[in-house]
Asker: 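Provided herewith is a single structure, encoded as structure tokens, for subsequent inquiry.
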Amino acid sequence: PVSGSLRYRLKKEYRDNRNWILPIFTQYLFITEFESLNYLMEPVSHHLDSKSLYFLYLFQCAKSNRKTIQFEYVKYLETKPKIKFLNVYAIVQRGRKLFVIGLDTQNGDVRHYIFTQITKVIRIDLESNYDLPDPKLISNFYSDSIEAYEGVSSQKVVLRLSKNSETFLTKEYFHKSQKFYRDNDGYLLLEMFINNANELFSLVSRFMVDIEIIEPIKWREKYIENLKNALVLHKKIKY
């Protein structure tokens with residue numbers, strides 16, 4: 001038997017020391033787009049506590065044995081989970097996120113799910129069976145779909161960089177489709193093709209005083225609305 005205080009210390013060390021995760025974690029990366037890995041592994045492994053690592057193990061088992069897995073999934077800004085049934089094709093990493101790719105058996109199409117938004121694994125259907133598609137098809141889906149976190153069609157995005165930040169920001173990796181050029185006034189513009197406004201906001205939020213969203217107008221207006229809401233929230237806080 002282990003005393004309560006020792007058990008607490010072991011549990012804390014188990015959670016704080018992430019090194020034990022990495023060699024196990026890398027076993028589950030079936031497809032990796034190396035050019036996108038401009039981040040270290042640690043930001044991804046940070047989310048993998050013992051519970052989520054067990055979920056990862058179950059997804060790996062489902063894929064290896066070609067069994068349909070049933071799980072709960074919560075989309076961003078939603079609170080109620082939805083039940084999904086998936087034939088797992090691959091588990092992949094892109095940047096700071098881990099994705100599960102597979103056939104959604106309820107809708108009959110291939111989809112991807114952000115691993116950290118999987119709240120519960122319900123069961124693996126041991127009576128089920130499926131064939132894995134050609135790896136090239138999975139790779140094509142990976143390149144086309146996970147370029148953005150969610151969405152179906154790419155949207156042209158144009159950002160204007162402040163002149164003071166040009167040298168620094170041109171060395172940043174924002175997106176695979178990024179392209180820099182200058183406008184008639186001499187400002188440096190950054191053009192990308194992105195599927196989802198939230199992905200764009202996460203890319204520019206670190207540099208909000210140095211980047212202006214020019215196109216699309218709807219995303220610009222939504223970003224301004226977010227900034228206003230954030231300002232109202234911070235005005236309410238008393239220190």
Side-chain angles (χ1 to χ4, degrees), residues 21 24-33 36-37 39 41 43-155 175-176 194-203:
I21 287 183
I24 301 173
F25 175 53
T26 53
Q27 295 182 35
Y28 306 112
L29 299 180
F30 301 108
I31 301 176
T32 302
E33 185 180 8
S36 74
L37 299 183
Y39 299 113
M41 186 80 72
V44 176
S45 65
H46 176 74
H47 299 288
L48 296 179
D49 56 16
S50 55
K51 180 180 179 181
S52 58
L53 188 64
Y54 177 62
F55 288 168
L56 186 62
Y57 166 76
L58 293 177
F59 274 89
Q60 190 271 346
C61 288
K63 176 187 179 297
S64 298
N65 295 288
R66 301 180 184 181
K67 303 298 181 183
T68 302
I69 191 168
Q70 181 182 359
F71 60 96
E72 291 183 355
Y73 187 77
V74 178
K75 287 188 176 181
Y76 179 63
L77 297 181
E78 294 184 3
T79 56
K80 187 176 181 179
K82 295 181 179 179
I83 297 178
K84 303 291 183 180
F85 297 81
L86 195 71
N87 294 344
V88 183
Y89 290 165
I91 302 172
V92 303
Q93 178 190 354
R94 179 170 182 85
R96 296 175 180 267
K97 289 186 179 290
L98 192 65
F99 296 89
V100 177
I101 299 174
L103 177 70
D104 185 316
T105 60
Q106 292 174 300
N107 297 285
D109 57 1
V110 178
R111 300 190 178 190
H112 70 265
Y113 296 94
I114 301 173
F115 186 74
T116 53
Q117 294 173 208
I118 295 172
T119 58
K120 180 181 180 181
V121 174
I122 300 174
R123 63 186 291 266
I124 295 176
D125 183 2
L126 300 179
E127 302 298 323
S128 62
N129 189 54
Y130 62 90
D131 294 326
L132 292 175
D134 188 321
K136 291 183 179 179
L137 296 178
I138 303 176
S139 296
N140 290 338
F141 174 86
Y142 171 73
S143 299
D144 294 339
S145 178
I146 304 184
E147 191 67 36
Y149 302 152
E150 299 288 346
V152 292
S153 59
S154 296
Q155 174 71 56
H175 196 271
K176 184 178 180 180
I194 297 180
N195 290 8
N196 182 272
N198 289 326
E199 184 193 12
L200 172 64
F201 299 161
S202 68
L203 292 175

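Worth knowing before you read on, the calculation uses all heavy atoms, side chains too, and leaves out hydrogens, waters and symmetry mates.
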Asker: How long is the straight-line distance from CG of N129 back to NZ of K67, given to the nearest 0.5 Å?
Answerer: 5.0 Å
Asker: Hey, does K63 have a side-chain heavy atom less than 4.5 Å from the side chain of Y89?
Answerer: no
Asker: Give the ring-plane orientation class for Y73 versus F71, where under 30° counts as parallel, over 60° as perpendicular and anything between as tilted.
Answerer: perpendicular
Asker: Give me the atom names and distance for the closest heavy-atom approach of Y113 to K84.
Answerer: OH-CD, 3.6 Å
Asker: What residues form a side-chain hydrogen bond (donor to acceptor under 3.5 Å, both in side chains) with D109, not counting sequence neighbours?
Answerer: R111
Asker: Do the side chains of I124 and T68 get nearer than 4.5 Å, heavy atoms only?
Answerer: no
Asker: Do side-chain atoms of S128 reach the backbone of D125 as a donor and acceptor pair under 3.5 angstrom?
Answerer: yes
Asker: For the residue pair V88 and I91, what are the closest heavy atoms and their distance?
Answerer: CG1-CG1, 4.5 Å
Asker: Which of parallel (below 30°), tilted (30 to 60°) and perpendicular (above 60°) describes F99 and H112?
Answerer: perpendicular
Asker: Quick check: do L86 and T105 have side-chain heavy atoms less than 4.5 Å from each other?
Answerer: no
Asker: Should V121 and I69 count as side-chain neighbours, where that means a heavy-atom distance under 4.5 Å?
Answerer: yes
Asker: Enter the distance from I83:CD1 to K120:NZ here, rounded to the nearest 0.5 Å.
Answerer: 8.5 Å
Asker: Does the side chain of I101 reach to within under 4.5 Å of the side chain of V110, using non-hydrogen atoms?
Answerer: yes
Asker: Do K80 and V74 have side chains that get closer than 4.5 Å, going by heavy atoms?
Answerer: no
Asker: Side-chain contact, heavy-atom cut-off 4.5 Å: T119 with E72?
Answerer: yes
Asker: Does N65 have any side-chain hydrogen bond (donor to acceptor under 3.5 Å, both in side chains) partners at least two apart in sequence or in another chain, and if so, which?
Answerer: none
Asker: Hey, are the side chains of L103 and Y130 touching, using non-hydrogen atoms and a 4.5 Å cut-off?
Answerer: no
